[in-house]
Engineer: 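The structure under discussion is supplied below as structure tokens; questions concerning it will follow.
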Amino acid sequence: MSHLRVCWVVGAPVEHSLSPVIHNAAFAALDLDWSYFAVSVPPGQAGRAVAAMRSLRLGGVSVTMPHKQDAAAAVDVLTPAAERLGAVNCLAWRGTRIEGDSTDGAGFLDSLRVDHAWDPEGTRAVVVGAGGAARAVVAALADAGAREVAVVNRSADRARAAAALAGDRGRVVGTEAVDDADLVVNATPVGMGGDGALPLDADRLGAGQVVADLVYEPLETPLLVAARARGAVPVTGIGMLVHQAAHAFRAWTGEDPPVEVMSAAVVAALSTHG
Ligand code: NAP
């Protein structure tokens with residue numbers, strides 16, 4: 001007899017999360033008796049979500065804004081990635097303990113390595129933005145052996161804190177550093193929602209560069225359109241979204257995630273959005 005396992009994504013707001021679409025498609029593809037729901041949890045209540053995971057024996061919990069830091073403080077144990085960032089996006093069982101992980105960085109690296117056969121080792125990266133997503137990307141690129149991880153951000157103090165995650169390979173720069181970068185990452189919301197805005201001067205982009213946008217709505221952002229037109233390789237935010245979920249799926253179920261099914265589900269869901 002199989003037993004239904006339930007997973008949540010907790011956030012505020014959480015109604016627009018694509019995580020239920022991604023995970024429920026994966027559970028169905030593997031014929032698992034698991035189900036995933038979006039649960040609105042008010043700011044400041046992350047600890048209650050962690051307690052609910054324990055009392056309800058949830059199969060796993062995804063954590064989104066604004067709970068990523070508070071949830072990190074409420075779990076039993078953190079992975080090294082989560083400890084370094086002080087934030088979690090995935091709660092999973094380790095025996096009787098709840099472990100908090102941050103799978104965004106690993107998901108981003110997979111989007112480069114798995115989807116584009118491109119390895120950041122030895123390369124120069126410029127990350128635009130210094131928020132939670134940028135911090136995960138900076139740390140992951142440093143761990144992956146990038147030669148330099150440079151951060152561009154409008155607030156200097158956050159830029160310095162993000163660059164510090166890359167140790168002596170991290171530095172704070174202006175957008176002119178994009179000229180010499182192998183990899184350019186937009187980790188700001190600029191370009192979201194079809195307003196046509198660019199996070200940097202597109203004339204700095206060129207052939208031989210990989211340009212990744214973490215924004216995935218629209219799928220082809222103004223930055224990626226500009227990158228493609230200048231001969232750079234565009235990388236959409238869908239890859240990171242799907243691969244970070246794939247890491248969570250593996251941690252919860254112990255199964256190999258059906259990444260193509262997950263990706264198709266999210267692309268289909270996005271194509272029905274206005
Ligand atoms: P966040 O923590 O709020 O950080 C936002 C960053 O963008 C900050 O560095 C902020 O600069 C900068 N920023 C915001 N508006 C800007 C503007 N108009 N001009 C210049 N800089 C601006 O957000 P986050 O969680 O890191 O998310 C950033 C983006 O990544 C969002 O669009 C999110 O949807 C996307 N994301 C995608 C994935 C994925 O799987 N593809 C995963 C996570 C996030 P200041 O520091 O100066 O405020």
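Counting convention: from 1, in listed order, for ligands and their atoms alike.
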Engineer: Look at atom 16 (C) of ligand 1 and find which of R158, K68, H243, R154 reaches it with the closest heavy atom.
Structural biologist: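 Shortest heavy-atom distance from atom 16 (C) of ligand 1: R154.
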Engineer: Could you list which atoms of ligand 1 come closer than 4.0 Å to a heavy atom of V190?
Structural biologist: 16 (C), 17 (C), 18 (N), 19 (N)
Engineer: Just to be sure I'm reading this right: ignoring hydrogens, which of S111, A134, S155 gets closest to atom 45 (P) of ligand 1? Compare them by their nearest heavy atoms.
Structural biologist: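 Ranked by closest heavy atom to atom 45 (P) of ligand 1, first place is S155.
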Engineer: For atom CZ of R48, is the number of surrounding heavy atoms from other residues, nucleotides or ligands below 6.0 Å larger than 12?
Structural biologist: no
Engineer: Which bit of M65 gets closer than 4.0 Å to ligand 1, counting heavy atoms only: side chain, backbone, both or neither?
Structural biologist: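 Neither part.
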Engineer: Does an N or O anywhere in G132 fall below 3.5 Å from an N or O of ligand 1?
Structural biologist: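 Yes, there is a polar N/O contact under 3.5 Å.
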Engineer: Determine if the distance from atom 9 (O) of ligand 1 to the closest protein heavy atom is below 4.0 Å.
Structural biologist: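 Within 4.0 Å: yes, protein heavy atom nearby.
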Engineer: Less than 4.0 Å between atom 33 (C) of ligand 1 and some protein heavy atom, yes or no?
Structural biologist: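 No, there is none.
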Engineer: Which residue and atom name correspond to the protein heavy atom nearest atom 1 (P) of ligand 1, and how close is it?
Structural biologist: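 Nearest neighbour among protein heavy atoms for atom 1 (P) of ligand 1, to 0.1 Å: G131 CA, 4.0 Å.
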Engineer: Looking at non-hydrogen atoms alone, which of A133, A130, P189 comes nearest to atom 24 (P) of ligand 1?
Structural biologist: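 Among A133, A130, P189, the closest heavy atom to atom 24 (P) of ligand 1 comes from A133.
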Engineer: Is it true that the NZ or CZ of R54 lies under 6.0 Å from the centre of W93's six-membered ring and within 45 degrees of the ring axis?
Structural biologist: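 Output no; distance or angle outside limits.
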Engineer: Hey, are D101 and T103 close enough side-chain-wise for a donor-acceptor pair under 3.5 Å?
Structural biologist: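 No pair is found: no donor N or O on one side chain lies under 3.5 Å from an acceptor on the other.
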Engineer: Starting from atom 42 (C) of ligand 1, locate the nearest protein heavy atom and write down its residue, its atom name and how far away it is, to 0.1 Å.
Structural biologist: M240 CE, 3.7 Å
Engineer: For atom 48 (O) of ligand 1, is the nearest protein heavy atom under 4.0 Å away?
Structural biologist: yes
Engineer: Less than 4.5 Å apart, side chain to side chain, heavy atoms only: is that true for I238 and V266?
Structural biologist: yes
Engineer: Taking only heavy atoms of G129, which atoms of ligand 1 are found under 4.0 Å from at least one of them?
Structural biologist: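 Listed by number with element, the hits are 9 (O).
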Engineer: Provide, to 0.1 Å, the distance between atom 38 (C) of ligand 1 and the closest protein heavy atom, together with that atom's residue and name.
Structural biologist: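 Closest protein heavy atom to atom 38 (C) of ligand 1: L214 O, 4.0 Å.
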Engineer: To which of D157, N153, V185, V152 does the heavy atom nearest atom 11 (O) of ligand 1 belong?
Structural biologist: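 The option holding the nearest heavy atom is N153.
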Engineer: Here's a test for you: under side chain to side chain contact (heavy atoms under 4.5 Å, CB included), which of L223, D213, V210, L205 qualifies with V184?
Structural biologist: L205
Engineer: With no hydrogens and no angle check, do the side chains of T221 and Y216 hold a donor and an acceptor under 3.5 Å apart?
Structural biologist: no
Engineer: List every atom of ligand 1 that sits less than 4.0 Å from any heavy atom of V215, numbering the atoms from 1 in the order shown and giving each element.
Structural biologist: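 Ligand 1 atoms under the 4.0 Å threshold to V215: 32 (O).
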Engineer: Determine, considering heavy atoms only, which of G237, G193, A187, A87 sits nearest to atom 41 (N) of ligand 1.
Structural biologist: G237
Engineer: Hey, could you give me each pair passing side-chain hydrogen bond (donor to acceptor under 3.5 Å, both in side chains) that has a residue in residues 222-231? Not counting sequence neighbours.
Structural biologist: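 Listed by first then second residue: D203-R230, E220-R228.
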Engineer: Are W34 and H23, when compared by the centres of their aromatic rings, separated by less than 6.0 Å?
Structural biologist: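 That pair fails the under 6.0 Å test.
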Engineer: Report, as yes or no, whether the 6.0 Å neighbourhood of atom CZ on R94 holds more than 12 heavy atoms from other residues, nucleotides or ligands.
Structural biologist: yes
Engineer: Does an N or O from M192, backbone or side chain, lie closer than 3.5 Å to an N or O of ligand 1?
Structural biologist: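 For ligand 1, there is no N or O atom that lies under 3.5 Å from one belonging to M192.
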